[in-house]
Every structure is written in C-alpha cells, then in structure tokens.
Amino acid sequence: MQLVFLGKFGELAPKGLASPTLPDDVRTLADLKDWIAGQAPVLGKAMALTTTRVAVNRALVHDLSRPVRADDEIAFLPPMSGG
Amino acid sequence: MQLVFLGKFGELAPKGLASPTLPDDVRTLADLKDWIAGQAPVLGKAMALTTTRVAVNRALVHDLSRPVRADDEIAFLPPMSGG
Amino acid sequence: MDIRITAAPFDPHAECAAFAADRADAGALVSFVGLCRQETAGRAVTGLTIDHYEGFTQTQIADLAADVARRYRVPDLLVIHRIGPILPGEAIVLVAALSTHRGAAFEAVQVLMDYLKTDAPLWKKETGPDGARWVEPRQDDRLRRAALENQA
Amino acid sequence: MDIRITAAPFDPHAECAAFAADRADAGALVSFVGLCRQETAGRAVTGLTIDHYEGFTQTQIADLAADVARRYRVPDLLVIHRIGPILPGEAIVLVAALSTHRGAAFEAVQVLMDYLKTDAPLWKKETGPDGARWVEPRQDDRLRRAALENQA
C-alpha cells in the first residue's frame, strides 16, 4: 500500500508513512484514518480539523467504509486552492 | 451649419444635405428633422422607422425642442452596433 | 485607462501582454476579444466595415469605460476598437481589465462589452456574396442593456 | 479541449494567440489570467509553490472542464495551470474559451475558474519574508462554489 499526503498534509506526514505496514484490524478507509492519527498525531489533528478528501487509486472516494487493499494507492487531500 | 449622417443614414443622405441652407422657420431640432424628411423622403422614413439619436456639437441631445444655430454641427445616429 | 479606436489591424494578444506587463500588483486579467467571423446566422461574411463619428466615438467610449471603472472599482481598463474595413479572423474589439481579484474584472469587462454593443457610436456593415447590410443591434444585446439600466 | 499542467513558466498571451489562431468561425474569445501577486492582504509575497498530485490533478481538471464545456455548450476550452515554484508577475493559470457569441464564453470561463479555485487538486503555498503558509480557500470562493452546486 502507498499513502500520499498532499499540500500541508505532506509537510506533516512522517516519511515512513508512505509505505506503511498496517495491523490486521485496519480494514477500511475510516480505520486507516484512525491508525494514521495514532501514528502521527499532529497530522491526524490537521486532517480532523479540516475537510479531508480521500482518493483511492486516483479516484475520489466518499464512502470511508470502503475496504483498503494491499495494492491500493490512497491519497489524503486538504482543501484545494488552485486557480 | 453642418449635418452629419452616420451608419445607414450616411448612405441615404444626399450630398447636398451636409451644409444645408435652411428656411427661417426651421428653428429647433424637431423642425430640422421634419425639414430633412421633406428634402430626402427615403432618409426621413429611415429616421422615423428606427431609434434616431441626435448629437449637437458632439454631445447627445435628448430634447428636440433645442434651437438650432448657424454654427452647430448636428449629427443623426441610427441604432449603434459596435463591439 | 487606455481607450483607442484604430483603422489599422491590431494584435489583441500583444496588446494584452503590454497591458499586463510589470503589473505584479494585479492578480487577475480578464479579456474579451471580438473577432470578425467568416459567417453569421448561416450567411457567409467576406468582411465588415465599421463607421464611426470622428471626435465623438472615442470620447463616448471613454465615458462608458469611466462609468464602468467607477461602478465596479476597476480603474485599469483597456479598450481597442477597430473602425473601417475588417477582414474575417481579424480582431474587432479588445476589452481587458486588471484587478486584484477576478470577480470585479469579469463584471467590468462583461458590462463594458454590453455597453459597447448598444451605446458606442459605431455602425457595423457586413459584406457577403449577396451584398452589404447594416447590422442591427441584437435583441439580446438590447435586453441586456435594459437590464443594466435597471441596476444602475 | 486543451488542458495542461506545467512546471515551466508559460506566456498566457502567446498561448491565447495560438488558441485563437485560424478560428474565423468563432466570434468571441474570453480569457482569464491569474497572476502571482507581489503582495496579498497587505503581506509581501516573494513567491508561490503549488503542490499537485501526479496522475490525478490533470485528469480532475479535464473532468471539470468537460463538465463546463457540456453545460455551457462551449467545447473550445483551454486551461493551463502552473505547478511548482512561481515568482511574482508570472502567470499561475490561464482559462480561455472560444465561442460563437460572448455570453456563453464569459460564463464558461467564470464557472471553470470557480471550480478550479475549490475543486482542482492543487495546493498553494505562499512564501514571504516571514516564512511560508499554505493558502486556504477564500470564503467567497467557497460560497460561489456552493451556489454553482445549487444551480447544477
């Protein structure tokens, strides 16, 4: 599994989180967010305090009960500020 | 007095109308319009059938009871189509 | 504010570039270019000729622009309008606005274009294979103009 | 439709010129250029850095543009967006639309800009004398976006 942290999340994410080894009880995207907050509390707090969008394999996913798979690339996106 | 006919009015106006010799009873802009219609009926009809704006000495004038003076430049403007 | 009428073809993109050059204080540039089309409403167009009133057209357009600049607080406006004969593909008009934020710049350019369509002393004649015809203001331009009047 | 993200500076005026070249079928070109300002809300800005998500940002922007093209019937859209480090005065974004008439082109460019502000996967960081800060979406951009959602 690959994790991608964009924008300000990228600055707060410890390097080691990019290719994490997850415990068996991390089954869904919601579980993964909780696990990240435990591993990197500052990042977890930033993600909780703002609107965080999640993309799985480069498609936005709104249902965080979606199971995570070993070959997923999962990205966490803070509020966008293009243009 | 100079008369200026813009846009399609310019094509309908006889040359001689540019520097007219007006009879004494043409005292106002309204009189002038009537006199033009008598001199050049096709032009007069075109001016009557559309919204004709009048500029005196390069300023729009809305009150056609304004007197005309020998040194005026009076322009007749059909609906504008710029842009 | 830079308001010009010109009988010579102009490059609207080069003019925009010059207008925005060295303006790192402005965040937004909105521009509109009206191009001479090769057909309109199904009729082929071989060219346009725009009549103007010397000594009046430029000042009237400057007045319209000043009004829009004041109303939308966008002082940095550029208007270039062709007069005389114009070929298909050539620019007829360029309106551009520089502003700190985009909302005001969009509004200023749009409203100024609305005014130019109905209130700039310019008269457009289209030439095609069947001859020439003077262009009447479009119904939707007149309605837009009336709506502006009600807001003002 | 031409949708690009680029790490290299680009000339928005030259891009507009290329976009509109040989398009005598189109009567209206509307364009918006967002420029890197030298100050924002009273703070000096020495530069911007825009983060993106490789393989995702471009396709998302293309989806937003396709949606706007379909909704406003303006298929001819150009979007160029910078990523990476940007200096004051440089163009950040260009959005342009070619159309037969101006109303649809104005709407398409404005709405696409609204979407880019809130829905394009790009993250802007401003650098100034006091350090760097990530830019949060402006309140008025969020409201504009919500209004679009209600229309859709």
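Quantities reported herein were computed from a predicted structural model and do not represent experimental measurements. Here is how names work: the chains are called A, B, and so on, in the same order as the sequence lines, proteins then strands, and each is numbered from 1.
No side-chain heavy atom of C:V30 sits less than 4.5 Å from a side-chain heavy atom of D:Q110.
Closest of all the heavy-atom pairs between C:D25 and D:R37 is O-NE, 3.6 Å. Here the closest non-hydrogen pair linking D:L29 and C:H13 is CD2-CE1, 3.5 Å.
Taking chain D as the reference chain and counting heavy-atom pairs below 4.5 Å, the highest number among C:A21, C:G27, C:A20 is found for C:G27. Chain C forms the most heavy-atom pairs under 4.5 Å with one residue out of D:A26, D:A91, D:P88, and that residue is D:A26. Each of C:L98, C:V95, C:D114 has some count of heavy-atom pairs under 4.5 Å with chain D, and the biggest count is that of C:D114. Highest contact tally toward chain C, considering only D:E39, D:E90, D:H101, is held by D:H101 [criterion: heavy-atom pairs under 4.5 Å]. Residue with the most contacts toward chain C among D:A105, D:G103, D:A17, D:S31: D:S31 (heavy-atom pairs, distance under 4.5 Å).
Proximity to chain D involves both the backbone and the side chain of C:T100, based on heavy atoms less than 4.5 angstrom apart. With a 4.5 angstrom heavy-atom cutoff, C:C16 touches chain D via backbone and side-chain atoms both. Both the backbone and the side chain of C:V109 come within less than 4.5 Å of a heavy atom in chain D. Proximity to chain D is absent for every atom of C:D11, based on heavy atoms less than 4.5 angstrom apart.
Within 6.0 Å of CZ on C:R73 lie no more than 12 heavy atoms contributed by other residues, nucleotides or ligands.
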